[in-house]
Amino acid sequence: MELLNGKELAQEIRVDIKTEIKGCMIRPSLAVIQIGDDDASNVYIKNKEKACQEVGIYFRHFKYDDDTPELSIINKIKELNNDEYVNGIIVQLPIPEKYNEKRILNTIINSKDVDGLTDINTGRLVNGKKTLVPCTPLGIMTLLKKYEVELEGKNVVIIGRSKLVGRPLLSLMLNENATVTICHSKTADLAEYTKNADIIVVAAGVPKLLTGDMVKKGCVVVDVGINRVDDKLCGDVDFDSVSKKASYISPVPGGVGPMTIASLLSNVMTCYNNKK
Ligand code: NAP
């Protein structure tokens, strides 16, 4: 069994981006809009800020109280759309339920949508067109490519159908000619699908959902989950039992997480370079 070492690959990507930015006349920049004070969001935003600072991307954080009128947020996004010094825009999810998430996300101009979540960019991905791809699925594809995991003609099972992970990954895998099955909480018998899979991506947010008896020998397993159990981070895969059968497996931490951040930095650079 070999580890899909996202930490190492992410570091390589960050070094390349840092070098590229040293040669830039104007610094690339990322703007993050936050509504409310969600604890997890505060941590994720801090991590993004740290990664941006490390490579030289100018990071701007706009934090709004959850009683801010939606129009003020929409107007801020429009201002950032028109600001030639802003290359990427993120609205940190989740946002409080009273806001119209779709309307807010769709206000982001497609060329700065570094999370790949506007309807237009989502549609382009589904249709196999070049577009900005959500960071976690992009990170997973980059990781599999690095380890030369063949996708064409393979049986891929994705557990989880969220718009941030499962759904875009389905399109990316299909675009690579994999045969893709997507499972979710209403799937009657998960093991029936995973046992035949060459590649399994687990993004459910359920600790140890995938166990060794559910996989075939030699499969490739990507663990997206981030769970806190007894104050320790763990994924959605029972690492001990699955790693005995898998040929490749991504660890938590050190697998998909660092790749997600590296992909965000890559997407900012894509926007920056597209503007030239
Ligand atoms: P999400 O929006 O909550 O979606 C979870 C998906 O898993 C849903 O489609 C749900 O099915 C499915 N699911 C839940 N329980 C299941 C079960 N017992 N069997 C089969 N499917 C089940 O979550 P998400 O945003 O995609 O994130 C998933 C996990 O990945 C979380 O732990 C999150 O923290 C982590 N994550 C990690 C990164 C990273 O960078 N490493 C990035 C994003 C997310 P239904 O649709 O039927 O409800």
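All heavy atoms count here, side chains included; hydrogens, waters and symmetry mates do not. Ligands are counted one by one from 1 in listed order, and the atoms in each one are counted from 1 as well.
- Every N/O-N/O distance between Lys186 and ligand 1 stays at or above 3.5 Å.
- The protein atom (non-hydrogen) at minimum distance from atom 42 (C) of ligand 1 is Thr136 OG1, 3.2 Å.
- Protein heavy atom at the shortest distance from atom 21 (N) of ligand 1 is His184 C, 3.1 Å.
- Among Cys183, Gly255, Ser162, the residue whose heavy atom sits closest to atom 26 (O) of ligand 1 is Ser162.
- Given atom 46 (O) of ligand 1, the protein heavy atom at minimum distance is Arg161 NE, 2.7 Å.
- Annotation: side chain of Gln34 is in contact with side chain of Asn42 (closest heavy-atom distance under 4.5 Å).
- When the shell of 6.0 Å around NZ of Lys7 is examined, it contains 12 or fewer heavy atoms from other residues, nucleotides or ligands.
- The shortest contact between atom 35 (C) of ligand 1 and any protein heavy atom is with Val224 O, 3.4 Å.
- Within 6.0 Å of the CG atom in Asp39, the count of heavy atoms belonging to other residues, nucleotides or ligands does not exceed 12.
- Listed by number with element, the atoms of ligand 1 under 4.0 Å from a non-hydrogen atom of Thr260 are 39 (C), 40 (O).
- Side chain of Asn121 to main chain of Thr131: no donor-acceptor pair is present (N/O by atom type, distance under 3.5 Å, no hydrogens or angles).
- Within 6.0 Å of CD in Glu192 there are more than 12 heavy atoms belonging to other residues, nucleotides or ligands.
- Using a non-hydrogen distance threshold of 4.0 Å, Ala203 registers as a contact of ligand 1.
- Closest approach of Tyr85 and Asp83 over heavy atoms only: N-OD1, 2.8 Å.
- Taking any N or O of Ile226, backbone or side chain, at least one lies under 3.5 Å from an N or O belonging to ligand 1.
- Within the 4.0 Å heavy-atom criterion, the part of Ile159 lying near ligand 1 is the side chain and not the backbone.
- Counting the atoms of ligand 1 from 1 in the order shown, those under 4.0 Å from a heavy atom of Val206 are 15 (N).
- Only the side chain of Leu209 comes within 4.0 Å of ligand 1, counting heavy atoms alone; its backbone N, CA, C and O stay farther away.
- Taking atom 31 (C) of ligand 1 as the reference point, the nearest protein heavy-atom neighbour is Gly205 CA, 3.7 Å.
- With a 6.0 Å radius and a threshold of 12 heavy atoms from other residues, nucleotides or ligands, Lys50 has its NZ atom at or below the threshold.
- For atom 11 (O) of ligand 1, the closest non-hydrogen atom on the protein side is Ser185 N, 3.1 Å.
- Taking every heavy atom of both residues into account, Val114 and Ile89 meet most closely at CG2-O, 3.6 Å.
- Ligand 1 places these atoms under 4.0 Å from at least one heavy atom of Gly257: 40 (O), 41 (N).
- Using a 4.0 Å cut-off between heavy atoms, Val165 contacts ligand 1 through its side chain alone, with no backbone atom that close.
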TODO: Test salt bridge (Lys or Arg N to Asp or Glu O under 4.0 Å) on Glu70 and Lys98 and set out the steps.
DONE: CA-CA 9 Å; Glu70 188 167 310; Lys98 66 177 178 183; over 6 Å; no
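- Of the options Ala204, Cys234, Ser263, the smallest heavy-atom separation from atom 5 (C) of ligand 1 is shown by Ala204.
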